[in-house]
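This report refers to the structure that appears directly beneath it.
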2 protein chains.
Amino acid sequence: MGTPAAPPTSAASEAWLLMSRLLRENRGPFFAACAEERLSPPQVMALQLLEPAIPTPMSDLAGLMHCDNSNVTGIVDRLEARGLVTRRPATHDRRIKHLLVTDEGAAVRARLVAQLSEPPEPLLRLSTAEQRQLRDLLRKALG
Amino acid sequence: MGTPAAPPTSAASEAWLLMSRLLRENRGPFFAACAEERLSPPQVMALQLLEPAIPTPMSDLAGLMHCDNSNVTGIVDRLEARGLVTRRPATHDRRIKHLLVTDEGAAVRARLVAQLSEPPEPLLRLSTAEQRQLRDLLRKALG
DNA sequence: GCCATCTGCTTGAGGTCGTCAAACGTCGCT
DNA sequence: AGCGACGTTTGACGACCTCAAGCAGATGGC
């Protein structure tokens with residue numbers, strides 16, 4: 001009996017671990033961007049998840065952030081206190097509070113997205129052909 | 001003048017954004033693993049970063065976790081209280097505290113790593129050839 | 001209409017995270 | 001020995017996170 005068919009770690013597993021490592025080792029710019037805008041990481045995450053021009057219920061945001069409803073209340077409180085976001089009761093169901101990104105919020109968000117889309121050094125070590133290949137694989141996976 | 005040479009978003013930028021999204025949208029298993037072991041996310045992160053059999057100074061761990069030295073003190077306190085980790089002053093410099101993963105800690109860590117290396121559904125949608133391609137690109141980038 | 005029930009959000013308690021400033025013990029050097 | 005630098009810890013304070021409880025608004029049966 002030689003090597004069994006199942007490898008010790010599949011290519012998908014190893015790819016997943018490598019991606020996790022790549023992200024973990026390159027969170028420096030993320031924290032730097034947070035500090036620059038004087039926002040906490042959860043606040044930045046929330047602002048990033050809120051599409052401007054798309055009113056989003058609190059509970060939807062909670063789902064996206066994998067956390068409790070009551071937790072978003074506090075995070076949104078602080079974003080609202082800074083004038084980056086507003087709450088507006090939905091017209092058809094006034095229990096629901098829609099979150100809206102203000103103009104200032106959209107400006108901050110745009111700066112954040114710009115900074116966070118800056119690829120880290122390991123990706124830049126790939127040739128442009130390889131970068132495209134990587135992008136296409138990810139597009140297909142997430143498609 | 002036609003389209004300028006610099007594209008609106010480079011392939012590397014888009015790949016980076018897609019990877020970030022893939023990780024953000026697939027943190028469910030991570031939180032599930034934390035809950036299963038009754039550990040907080042930072043505690044899991046720390047335990048995952050500590051290679052068993054490699055004594056690691058507190059400040060090294062702080063660097064890996066992108067956070068303050070005084071913060072890891074508390075996190076390690078809790079891990080130590082659970083018997084997953086121990087502190088031992090380095091022999092040549094007694095200011096330094098080396099962190100050691102206990103046998104029980106190594107067992108918990110092994111379970112965690114096994115769970116966290118499970119690739120998310122989007123990666124499994126790629127063919128095995130594409131998975132290998134993705135893995136090879138990431139290997140090369142992280143070289 | 002009226003009430004029970006459910007849902008979405010908020011509040012409060014309790015614990016962890018995260019950062020800063022200050023303190024303590026240890027090291028290296030002169 | 002004494003001085004400055006370093007690794008860790010402590011304490012204070014705010015933010016995060018979860019749970020349980022509460023509140024207003026919506027829904028369905030009668």
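Chain letters run A, B, ... following the sequence lines, proteins first and then strands; every chain starts at 1. FYI, side chains are in, hydrogens and waters are out, and symmetry mates aren't considered; it's all heavy atoms of this structure.
- No hydrogens or angles considered: nothing links the side chains of B/E37 and B/Q43 as a donor-acceptor pair under 3.5 Å.
- Rounded to whole Å, the distance from CD1 on A/I96 to P on C/dC6 is 18 Å.
- Listed pair B/R87 / D/dT9 meets the phosphate criterion, a side-chain N or O lying under 4.0 Å from OP1 or OP2.
- Rounded to whole Å, the distance from CG on A/D93 to C1' on D/dT27 is 10 Å.
- As rounded to whole Å, 13 Å separates atom C1' of C/dT10 from atom CD of A/E80.
- Atoms CZ (B/R94) and P (D/dT9) sit 15 Å apart, rounded to a whole Å.
- When the P atom of C/dT16 is taken as reference, atom CG of B/D77 falls 11 Å away, rounded to whole Å.
- Listed for the B/Q131 side chain is a donor-acceptor partner under 3.5 Å among the backbone atoms of B/L123.
- OP1 or OP2 of C/dC9 has at least one side-chain nitrogen or oxygen of A/S59 nearer than 4.0 Å.
- Distance CZ (B/R82) to C1' (C/dT16): 12 Å, rounded to an integer number of Å.
- Take A/R21 and apply the side chain to side chain donor-acceptor pair (under 3.5 Å) test, not counting sequence neighbours, and it matches A/E25.
- The residue B/N69 sits close to a base: some heavy atom pair falls under 4.0 Å.
- Side-chain atoms of B/R95 come within donor-acceptor range of the base of D/dC6, with a qualifying N/O pair under 3.5 Å.
- The pair A/R82-A/E104 does not meet the salt-bridge criterion, since no charged nitrogen lies less than 4.0 angstrom from a carboxylate oxygen.
- Linking Ile, Leu, Val, Met, Phe, Trp and Tyr residues whenever their side-chain heavy atoms come within less than 4.5 Å leaves A/L124 and B/M19 in two separate clusters.
- Placement of B/V44 and A/L17 in two distinct hydrophobic clusters is found when ILVMFWY residues are connected by side-chain heavy-atom separations under 4.5 Å, directly or transitively.
- Atom CG of B/L99 is separated from atom C1' of D/dT8 by 11 Å (rounded to the nearest Å).
- Transitive grouping of hydrophobic side chains (ILVMFWY, heavy atoms separated by less than 4.5 Å) keeps B/L100 and B/V72 in distinct clusters.
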(message) One character per nucleotide, please: for nucleotides 12-21 of chain D, 5' to 3', B when the base has a protein heavy atom closer than 4.0 Å, S when only the sugar-phosphate does, - otherwise.
(response) ---SSBBB--
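- Rounded to an integer number of Å, the gap from CG of A/L61 to C1' of C/dT10 is 15 Å.
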